[in-house]
Amino acid sequence: MDISFTGHRALVTGAGKGIGRAAVKALRAAGAEVIALSRSLEDLESLTSECPGVETVCVDLGDWSATEAALTNLQAVDLLVNNAGVALLQPFLEITPEAIDRSFDVNVRAAILVSQTVARQMIKRGMGGAIVNVSSQASQVALQNHSVYCATKGALDMLTKVMALELGPKKIRVNCVNPTVVMTDMGRANWSDPQKAAPMLNRIPLGRFAEVDEVVHSILFLLSDKSTMITGSCLPVDGGYLVT
Ligand code: NDP
């Protein structure tokens with residue numbers, strides 16, 4: 001199944017590392033113009049040197065006014081990947097207000113702000129578009145020390161569905177992907193300990209964690225014209241973890 005994004009322009013958040021960075025490269029390889037948004041300038045600089053032609057926006061999505069300002073002159077896009085996220089793990093009884101605020105600001109509030117900006121442009125142009133939110137299996141299953149992270153991803157799943165409901169009549173599709181563990185920086189920080197990883201791996205019918213490209217392929221499918229009747233869905237990319 002060939003997917004081409006020639007003639008399309010995409011915005012990817014959290015594009016400096018991990019899944020977002022790989023999504024930028026895959027979209028570019030498939031012909032899209034791409035705007036890469038992330039927090040660390042050095043990541044964006046190395047991305048543009050590897051991937052010439054990618055435009056960049058450097059902003060902390062946790063800062064609402066800085067993000068609004070950074071998006072003011074954003075060129076219209078018809079594809080959006082809300083990928084930026086943080087995983088600040090704490091036992092429930094030790095959750096701090098700082099971790100709650102940071103997690104919801106980046107994982108939920110920023111997805112709302114960026115999507116509002118992009119969707120308004122899409123509606124103005126009347127051409128429709130597609131949005132993919134990068135959620136997690138943690139939206140649907142309880143994981144030790146993940147209260148706040150699970151809550152943000154549960155919120156993102158429901159945000160996806162309501163956005164699909166309200167934006168569908170404007171020809172904007174909204175879906176999310178829900179990966180299991182992926183060994184990015186985030187995955188390594190939280191799942192490198194074999195003793196912690198083993199029970200998770202044992203519950204995954206396919207017996208392994210996801211590769212970055214497996215998540216990216218699902219994102220590209222949901223952005224593409226191969227999924228034109230799919231909206232409001234939460235697609236597990238979990239090797240079957242959520243069936244158990
Ligand atoms: P990484 O930590 O490897 O990369 C995240 C990227 O997002 C980094 O470039 C980071 O920049 C950027 N980012 C984080 N916070 C902000 C912010 N406030 N403003 C702008 N950019 C920001 O994460 P992954 O690639 O693993 O994760 C991507 C998405 O996938 C996340 O939403 C995550 O929750 C989800 N996911 C990940 C899983 C995993 O196991 N890895 C499993 C399931 C879902 P910087 O480093 O400069 O902060």
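Both ligands and their constituent atoms are indexed starting at 1 by order of listing.
Looking at Thr96 and Gln90, their side chains do bring a donor and an acceptor atom within 3.5 Å of each other. The closest side-chain donor-acceptor pair between Thr231 and Asn175, if any, does not fall under 3.5 angstrom. No hydrogens or angles considered: nothing links the side chains of Asn178 and Ser136 as a donor-acceptor pair under 3.5 Å.
In terms of protein heavy atoms, atom 26 (O) of ligand 1 is closest to Thr184 OG1, 2.4 Å. In terms of protein heavy-atom proximity, atom 43 (C) of ligand 1 is closest to Pro179 O, 3.4 Å. Protein heavy atom at the shortest distance from atom 10 (C) of ligand 1 is Ser38 OG, 4.0 Å. Protein heavy atom closest to atom 30 (O) of ligand 1, with residue, atom name and distance, is Val134 CG1, 3.2 Å. Of the protein's non-hydrogen atoms, Arg39 NE, 2.7 Å is the one closest to atom 48 (O) of ligand 1. Summary of contacts: the protein heavy atom closest to atom 7 (O) of ligand 1 is Gly14 CA, 3.1 Å.
When each atom of ligand 1 is checked for a heavy atom of Gly16 under 4.0 Å away, the hits are 9 (O). Shown in contact with Asp185 at under 4.0 Å from a heavy atom are these atoms of ligand 1, numbered in order with element: 3 (O). In the vicinity of Gly187, heavy-atom distances shorter than 4.0 Å reach the ligand 1 atoms 40 (O), 41 (N). Close approach of ligand 1 to Arg102 (heavy-atom distance below 4.0 Å) involves ligand atoms 18 (N). Contact atoms of ligand 1 toward Gly62: 18 (N) (distance under 4.0 Å to a heavy atom of the residue). Ligand-side atoms of ligand 1 in range of Ser136: 43 (C), 44 (C), range being under 4.0 angstrom from any heavy atom. Each of the following atoms of ligand 1 lies closer than 4.0 Å to a heavy atom of Val59: 19 (N), 20 (C). Proximity to Gly85 (heavy-atom distance under 4.0 Å) selects the following atoms of ligand 1: 14 (C), 31 (C), 32 (O).
At a 3.5 angstrom cut-off on N or O pairs, Leu61 counts as close to ligand 1. Ligand 1 has no nitrogen or oxygen under 3.5 angstrom from a nitrogen or oxygen of Gln137. Any N or O atom pair closer than 3.5 Å counts here, and Ser40 shares at least one such pair with ligand 1. On a distance-only criterion, Gly20 and ligand 1 share no N/O pair closer than 3.5 Å. In terms of N/O distances under 3.5 Å, ligand 1 is approached by Lys17. Considering backbone and side-chain atoms together, Val182 places an N or O closer than 3.5 Å to an N or O of ligand 1.
For atom 27 (O) of ligand 1, the choice among Glu42, Met186, Arg188 with the nearest heavy atom turns out to be Met186. The residue from Val212, Asp63, Val215, Asp60 that puts a heavy atom closest to atom 18 (N) of ligand 1 is Asp60. For atom 31 (C) of ligand 1, the choice among Val81, Leu37, Ile19, Asn83 with the nearest heavy atom turns out to be Asn83.
Put simply, the side chain of Ser139 never gets that close to the backbone of Ser135: no donor and acceptor are under 3.5 Å apart. Side-chain atoms of Ser227 come within 3.5 Å of backbone N or O of Phe221 as a donor-acceptor pair. Panel note: side chain Thr184, backbone Gly187; a donor-acceptor pair is recorded below 3.5 Å. Of the possible polar contacts, one joining the Asn83 side chain to the Gly14 backbone as a donor-acceptor pair under 3.5 Å is found. The backbone N or O of Ala32 sits less than 3.5 Å from a side-chain atom of Arg28, completing a donor-acceptor pair.
Put simply, part of Lys153 is less than 4.0 Å from ligand 1, judged by heavy atoms. The shortest separation from a heavy atom of Ser135 to ligand 1 is under 4.0 Å, placing the residue in contact. Contact analysis puts Thr180 in contact with ligand 1, with a non-hydrogen atom separation below 4.0 angstrom. Within the structure, the closest approach of Thr13 to ligand 1 does not fall below 4.0 Å when heavy atoms are considered. Using 4.0 Å as the threshold, Ala87 has no heavy atom nearer than that to any atom of ligand 1.
Atom NZ of Lys196 has more than 12 heavy atoms from other residues, nucleotides or ligands within 6.0 Å.
At a threshold of 4.5 Å between non-hydrogen side-chain atoms, the residues Leu88 and Tyr149 do not count as touching.
By the 4.0 Å N-to-carboxylate-O rule, Lys17 lies close enough to Asp43 to be salt-bridged with it. Under a 4.0 Å N-O distance rule, the pair Glu214/Arg208 qualifies as a salt bridge. Using a 4.0 Å cut-off between a side-chain N of Lys or Arg and a carboxylate O of Asp or Glu, Asp105 and Arg102 do not qualify as a salt bridge. Ion pair Arg9/Glu55 flagged as a salt bridge, since at least one NZ, NE, NH1 or NH2 atom sits closer than 4.0 Å to an Asp/Glu carboxylate oxygen.
Looking at Tyr149 against ligand 1, only its side chain comes within 4.0 Å, counting heavy atoms.
Test Val174, Asn107, Asp157, Thr13 against Asn133 for side-chain contact (heavy atoms from CB on, under 4.5 Å) and you get one pass: Val174.
Here the CG atom belonging to Leu113 is positioned 4.5 Å from the CH2 atom belonging to Trp64, to the nearest 0.5 angstrom. For the atom pair CD1 of Ile112 and CG of Leu159, the computed distance is 5.0 Å after rounding to the nearest 0.5 Å.
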